[in-house]
Number of protein chains: 2
Amino acid sequence: MSEARQRAAKADPAADEAIYQSITRAIMDGRLRAGTKLVEQTLAEAFGVSRERIRKVLHRLGAERRIEIVPNRGSRVPSPTPEEIRAVYEAHRVLEAGVLVQLGQMLNDEILARLDAHLVEERDAAARGDRAASVRLSGAFHTHLVDALGNEELSRFLRDLLSRSSVMVSVYEPATQSVCAVDEHGAIVEALRARDVPRAIDLSRHHFRHVEQRLRLDPVPAPPADLRALFGPAQG
Amino acid sequence: MSEARQRAAKADPAADEAIYQSITRAIMDGRLRAGTKLVEQTLAEAFGVSRERIRKVLHRLGAERRIEIVPNRGSRVPSPTPEEIRAVYEAHRVLEAGVLVQLGQMLNDEILARLDAHLVEERDAAARGDRAASVRLSGAFHTHLVDALGNEELSRFLRDLLSRSSVMVSVYEPATQSVCAVDEHGAIVEALRARDVPRAIDLSRHHFRHVEQRLRLDPVPAPPADLRALFGPAQG
DNA sequence: ATGGCAATAAATGTGCACATTATTCGCCGA
DNA sequence: TCGGCGAATAATGTGCACATTTATTGCCAT
């Protein structure tokens, strides 16, 4: 029962999750631009399910702050202000500083090996000129840092932050998604390997500053999206 | 419109929020013990609203991880494992390390003054022997640290963590809620004042270790709760 | 023209009835 | 007596119809 949703006649236990994932990905990929209104009836028709099901998913997305819901006025993809963007990046920076402190305490060869392996991948993608892979791996570096702690709470928080910042990137940096310089990543790992936590933190700070500086200050207008075309039976 | 919900006949725009707050507080205050089943019909009768309204609130609470929802099997107050508890405390510790790093950068007299004022309050409550105030102020210290950064994302994350740990305290430390030693709080502020961030972080680490060590390792069984008595018309 | 205003359309919110799934209880046989 | 099995009960899940609110359109008077 992989994708046989053709009509989705009655009850599919995992349908909610599929719709949730579908909308989430559309937002994170930038296919759903900031400000896009998410009309329940339209989404229901696009996914071929009842409106109640869509409502439930939208409210979940709202509780997770992935979309904005105004009572009686519907749901939309958030249009973050520059100040909110700054706050998300700052939060990531502050979190990573704490993560580096903790990593300095519990660092071992296995963790270092995994980080090294990631850097190899990242450099390889850059060498190949594979921009898509570079973007993905560049973000994954920070995920790896947090995941190395093995703390579900922290990993989840970072994922939330990243999902928010992805929307922001689509608003303020439409053409080229930001790619962290792999050298900066490597330098952070080297500082960790030397157990020089203050230096690692300092590198991380400058690293984030670079990323932030790359953002434009004026938002780019988003063209209206066709929900049916995005989520219709042909697509996913 | 304070508490005139006597019957709550038709539609109250803020009813959802009131119910949400009511359940949230009951969990955080420990009146709803870990493992308690939250039956929709029962809650609906207790609050005097329809079951749909309760469902919506429960799903919101579930999305925020304040309760556990298993499909087709209902909702309950989480019963965290020792491992999950450890993760929450560790997350708080890691976050606070990052916060201290950032505070070391943006510290000013106003922030220091606010922290000093809080320490005065805290010492005062301890001197009075006001245990309730001590518990509250002791937790508030850490909230103040994060709030000093003025970052909504970080403040929200800490609030989430604290709301989770409150449940844990009720499971693993029933009688005496943990009170941070005010001396330890004061020492952290002093380290900050001296711009000695590594020392502040170290103090924070040991501080959390003390708190964690105070937790019992074996959970305390929770008596079943009467939802109608807790949320009935007489109460809130 | 234009600004306000009313009628219409569209979208969201809600209660209810019924379906589906879990749990409990009682029965029967070994 | 105990273990399994099935009916009865209880709780959750879902679609639908209708209410309420908001947005849009068209009209009229100035």
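All chains are named by letter (A, B, ...) in the order of the sequence lines, taking the proteins before the strands, and each is independently numbered beginning at 1.
- Aromatic pair B/H144/B/H185: ring centres not closer than 6.0 Å.
- Closest approach to the A/K37 side chain among D/dT12, C/dT12, D/dT22 is made by C/dT12 (side chain taken as heavy atoms from C-beta onward).
- For the pair A/Q41 CD and C/dA11 P, the interatomic distance rounds to 8 Å; values are reported in whole Å.
- Atom CG in A/D16 sits roughly 10 Å away from atom P in D/dG13 (whole-Å rounding).
- With respect to the salt-bridge test (charged N to carboxylate O, under 4.0 angstrom), the residues A/E96 and A/R93 do not qualify.
- Looking at A/R51, its side chain comes within 3.5 Å of the base of C/dG13 through a donor and an acceptor atom.
- Between B/R65 and A/E64, none of the side-chain N atoms (NZ, or NE/NH1/NH2) sits under 4.0 Å from a carboxylate O, so this pair counts as no salt bridge.
- One can place CD1 of B/I54 at 14 Å from C1' of C/dT14, the figure rounded to the nearest angstrom.
- Considering only side-chain N and O atoms, A/R53 lies under 4.0 angstrom from the phosphate OP1 or OP2 of D/dT14.
- Atom pair A/E40:CD and D/dT21:C1' shows a separation of 13 Å (rounding to whole Å applied).
- Rounded to whole Å, atom C1' of C/dA11 lies 13 Å from atom NE2 of A/H59.
- One can place CZ of A/R76 at 13 Å from C1' of D/dT22, the figure rounded to the nearest angstrom.
- Separating the CD1 atom of A/I67 from the C1' atom of C/dT12 is a distance of 13 Å, rounded to the nearest angstrom.
- The cationic group of B/R53 does not satisfy the cation-pi geometry with B/F47, failing either the under 6.0 Å distance to the six-membered ring centre or the 45° limit from the ring axis.
- Candidate nucleotides C/dG13, C/dT14, D/dT12 were compared by shortest atom distance to the side chain of A/N72, and C/dG13 ranks first.
- Ion pairing of B/E68 with B/R73 is absent here, as no side-chain N (NZ or NE/NH1/NH2) approaches a carboxylate O to less than 4.0 Å.
- Distance, A/K56 NZ to D/dT12 P: 14 Å, rounded to whole Å.
- Here A/L38 lies in heavy-atom contact (under 4.0 Å) with sugar-phosphate atoms only.
- Distances were taken from every side-chain heavy atom of B/R73 (C-beta onward) to each of D/dT22, D/dG15, C/dA22; the shortest belongs to C/dA22.
- With D/dT22, D/dT14, C/dT23 as the choices, the nucleotide that has an atom nearest any side-chain atom of B/E52 turns out to be D/dT14.
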